[in-house]
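Every number for a ligand or one of its atoms is a count from 1 in the order of the listing.
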Amino acid sequence: MHLRCVACDARHEPDPLLYQCPRNGCGSPLEVLYDDAVFAKAPALEGEGVWRYQPLLPVKKAVTLGEGGTGLHRCERLGKILGVPELYIKNEGENPTGSFKDRGMTVGIALAQSVGSKAVACASTGNTSASMAAYAARAGLTALVLLPAGKVALGKLSQAVAHGAKIAQIEGDFDDAMKLVVELSTKERSVYLLNSINAYRLEGQKTLAFEVCEALGDAPDALVLPVGNAGNISAIWKGFQEWKRLGKIKRLPRMVGAQAENSAPVVKHLRDRSSPCVVDRPDTIATAIRIGRPVSWRKAVAAIVDSGGDAGAVSDEEILDAQRLLARAEGLFVEPASATPIALLRKFALKDVRRVVCVTTGHGLKDPDALHKAPVTMEKVKPNLDSLKRLLDA
Ligand code: F0G
């Protein structure tokens, strides 16, 4: 096993404390690469969830809350509305803390333990902090979370509070918090960094691709998911590539990223490759992906371009409409960021695809306030049957 720099291709010895490429001040994110022997024979897969895939992970099982193994729901009604013949939702809100972050955190916390850290830290728009706080509590570690003040949804903040994390409300946005936590953890090596810049954490997140392929018998034509700091799309693409290398699937899916209109640096960069992958002062109701400087942008752009995929942006209104549509057509309640793939499919039809998987990354209860920003009608009803019947027939 070794680490490879995604920008300058330098190779480094495996080191869980190495978050960025040290060669000539490169500073880009790294990725974990395994030896050929790992792919030479079929891995022994046992049980369910993330740890089913332990032969393709960089650590042995350590701290678990039962992450992974989430539902892949066939959505016929929604598929008809969106014009997708075979639509599935991979519902990551079914993870222990209600988001996909748990897949990475179970692996990341194991690494923190392996290097003897007593404290773990992250900058977060909410879900990473909720997940890290829970897994740190389970492991008996101190958790420090840096949050953009006033921009974290109530459900997520409650989780960090409940699990006893030390909470720093940063007067700035996620990108400011991210910069600060990288500085802290590179200077204070006893504080283990658990953002997706940590290549080992992303290894856990790639297991979503394995689960989708095992359930469908091959890769789908396209996989659509929200993109914020751009770690998840990179991790899942790596998972599909590894599964193919093992000979378990014949083809790779197109990777399609969904962003919110005023927080869409990846979309902007893909349209004009000479402009930096940056948006200043990002803003959206989908606070989970309110990010202007995604740390893993290079990996995400490679995933989209190499897979023949695409990226697109949707407005806050389109996001809320899609959230409601999914909840009403299929019984799946997701947070606003997670509705962006549905909104994107509604806005731009994907060409030449039959089987599409949308990843809904976080549970709807994470952000109870978002719904109230859309018009909600609730009737006051007199306590008698006639009034109830009137409401039923209305
Ligand atoms: N969906 C949800 C619900 C998220 O919380 C995030 C990221 C994403 C999508 C985007 O994933 O960053 O890997 O591209 N949330 C991070 C956090 C930034 O701090 O919880 P990504």
*Hey, are D386 and K389 close enough for a salt bridge, meaning a charged N less than 4.0 Å from a carboxylate O?*
no
In this structure, atom 18 (C) of ligand 1 is nearest to the protein heavy atom T125 OG1, 3.4 Å
Q: Before signing off on this row, confirm whether N229 and ligand 1 have an N or O atom pair separated by under 3.5 Å.
A: yes
Does any N or O in the side chain of E94 come within less than 3.5 Å of the main-chain N or O of G71, such that one atom is a donor and the other an acceptor? yes
Residues passing the side-chain contact (heavy atoms from CB on, under 4.5 Å) test with E211, sequence neighbours excluded, are Y53, T70, K90, R103
**Report entry** Flag for T361-S99: side-chain donor and acceptor within less than 3.5 Å
**Finding:** no
In ligand 1, the atoms that come under 4.0 Å of a heavy atom of G231 are 13 (O), 14 (O), 21 (P)
For V227, the atoms of ligand 1 under 4.0 Å from one of its heavy atoms are 14 (O)
One finds that the ligand 1 atoms under 4.0 Å from a non-hydrogen atom of F100 are 1 (N), 2 (C), 4 (C), 6 (C), 8 (C), 9 (C), 11 (O)
Closest to atom 4 (C) of ligand 1 among protein heavy atoms sits A288 CB, 3.6 Å
Exercise. How about E67 and Y135: does a side-chain donor come under 3.5 Å of a side-chain acceptor?
Worked result: yes
Logged contact type for A230 with ligand 1, heavy-atom cut-off 4.0 Å, is backbone
Review point. Hey, does the side chain of Q323 reach the backbone of V334 with a donor-acceptor pair shorter than 3.5 angstrom?
Key: yes
Min over G257, S124, A177 of heavy-atom distance to atom 19 (O) of ligand 1 lands on S124
**Asked** G228 to ligand 1: N or O pair under 3.5 Å?
**Response** yes
field: Ionic contact status for R254 with D221, cut-off 4.0 Å
entry: no
Query raised in the report: Can we say E261 and K347 salt-bridge, meaning some charged N sits less than 4.0 Å from an Asp/Glu carboxylate O?
Result: yes
| Do any nitrogen or oxygen atoms of E335 come within less than 3.5 Å of a nitrogen or oxygen of ligand 1? | no
At under 4.0 Å between heavy atoms, what of L225 touches ligand 1? The answer is neither
* Asked: Taking the non-hydrogen atoms of K101, is any one of them nearer than 4.0 angstrom to ligand 1?
  -> yes
* Under 3.5 Å, side chain of Y192 to main-chain N/O of L111, donor-acceptor pair present? -> no
_For the backbone of G231 and the side chain of Q205, can you confirm whether one donor and one acceptor N or O come within less than 3.5 Å of each other?_
no
Near I289 (heavy-atom distance under 4.0 Å), the atoms of ligand 1 are 8 (C), 9 (C), 10 (C)
for atom 13 (O) of ligand 1, nearest protein heavy atom and its distance come out as N232 N, 2.8 Å
Side chains of E335 and S338 only: does a donor on one sit below 3.5 Å from an acceptor on the other? no
Per-atom filter on ligand 1: closer than 4.0 angstrom to a heavy atom of N127 are 2 (C), 3 (C), 4 (C), 5 (O), 20 (O)
Counting from 1 in the order shown, the ligand 1 atoms closer than 4.0 Å to a non-hydrogen atom of P226 are 1 (N), 9 (C)
Check contact between I291 and ligand 1, using heavy atoms of the residue and a distance below 4.0 angstrom.
yes
If you compare T361, D367, T128 by their heavy atoms, the one closest to atom 1 (N) of ligand 1 turns out to be T361
